[in-house]
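Inspection log for the structure reproduced underneath, given as structure tokens.
Note that these values count all heavy atoms, side chains included, but never hydrogens, waters or copies made by symmetry.
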Amino acid sequence: QVQLVESGGGLVLTGGSLRLSCAASGRSFSTYAMGWFRQGPGKEREFVTAINWSADHTYYTDSVKGRFTISRDNAKNTVYLQMNSLKPEDTAIYYCAASSRYYSVRDPDEYGYWGQGTQVIVSS
């Protein structure tokens, strides 16, 4: 069982940066692949990025490549999403999710655990 709590969202101007955190409970955090998804206003939930358990493999959706960085600290049971050069289209609720395997990481059905989300608003 894993419980996830996101933090770090807020209001930022275009071009600004935010770092989201996702704190996990449970002793097996280091065995889970972690992902970030987002859901913008009037949009479906979409995949953003994922990282495997050992942090030696990451995957990004094209729209955030070069701007966002996912990382994790297994000693702290935390995964991070560093977001730079933010754009208004990045406005969304951001969710972290945990999966028991690093497979089909873009598919939300692969993730068995979800956080409650944190709001990111990018103002122009």
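Geometrically, R45 engages W114 in a cation-pi contact defined by less than 6.0 Å to the ring centre and at most 45° from the axis.
Looking at R38 and F47, their side chains never come closer than 4.5 Å, going by heavy atoms from C-beta outward. Side-chain contact check for F68 versus L86: some heavy-atom pair is nearer than 4.5 Å. Using a 4.5 Å cut-off on side-chain heavy atoms (C-beta onward), M83 and Y94 make contact.
For S54 against D56, the heavy-atom pair with the smallest separation is OG-OD1, 2.8 Å. The heavy-atom pair separating T58 from Y102 by the smallest distance is C-OH, 3.6 Å. Minimum interatomic distance between A50 and Y111 (heavy atoms only, all atoms of both residues): CB-OH, 3.7 Å.
For residues 106-121, the pairs satisfying salt bridge (Lys or Arg N to Asp or Glu O under 4.0 Å) are R101-E110, with sequence neighbours left out.
A salt bridge links D62 with K65: the distance from a Lys NZ or Arg NE/NH1/NH2 to an Asp or Glu carboxylate oxygen falls below 4.0 Å.
Just one of N52, I51, V105 meets the side chain to side chain contact (heavy atoms under 4.5 Å, CB included) condition when paired with H57; it is N52.
In this structure, a donor-acceptor pair under 3.5 Å is absent between the side chains of D73 and T78.
There is no path of hydrophobic side-chain contacts, each under 4.5 Å, that joins V2 to Y80. Criterion: ILVMFWY side-chain heavy atoms under 4.5 Å apart, direct or through other members. Under it, Y60 and M34 are part of a common hydrophobic cluster. Hydrophobic clustering (ILVMFWY, side-chain heavy atoms < 4.5 Å, transitive): V79 and W53 are in distinct clusters. Under a hydrophobic-cluster definition in which Ile, Leu, Val, Met, Phe, Trp and Tyr are linked whenever side-chain heavy atoms come within less than 4.5 Å, directly or via other members, V12 and I93 are assigned to different clusters.
Atom-to-atom distance recorded for E6:CD and S21:OG is 10.0 Å, nearest 0.5 angstrom. Interatomic distance, K87 NZ to S63 OG, rounded to the nearest 0.5 Å: 8.0 Å. Remark: D90 CG to L18 CG distance equals 10.0 Å, nearest 0.5 Å. Here the CG-CG distance, from L81 to L20, works out to 5.0 Å after rounding to the nearest 0.5 Å. Once rounded to the nearest 0.5 Å, the distance linking OG of S99 with OH of Y32 reads 9.0 Å.
Remark: the backbone N or O of S123 is paired with a side-chain donor or acceptor of T14 at under 3.5 angstrom. A donor-acceptor pair is defined here as one N or O able to donate and one able to accept, closer than 3.5 Å; no such pair exists between the side chain of T91 and the backbone of I121. Side chain of T69 to backbone of Q82: no donor-acceptor contact under 3.5 angstrom is found. Looking only at distances, a side-chain donor or acceptor of N77 sits under 3.5 Å from a matching main-chain atom of G26.
For Q3, the CD atom counts as loosely surrounded, since its 6.0 Å shell holds 12 or fewer non-hydrogen atoms of other residues, nucleotides or ligands.
The distance between the ring centers of F37 and Y95 does not fall below 6.0 angstrom.
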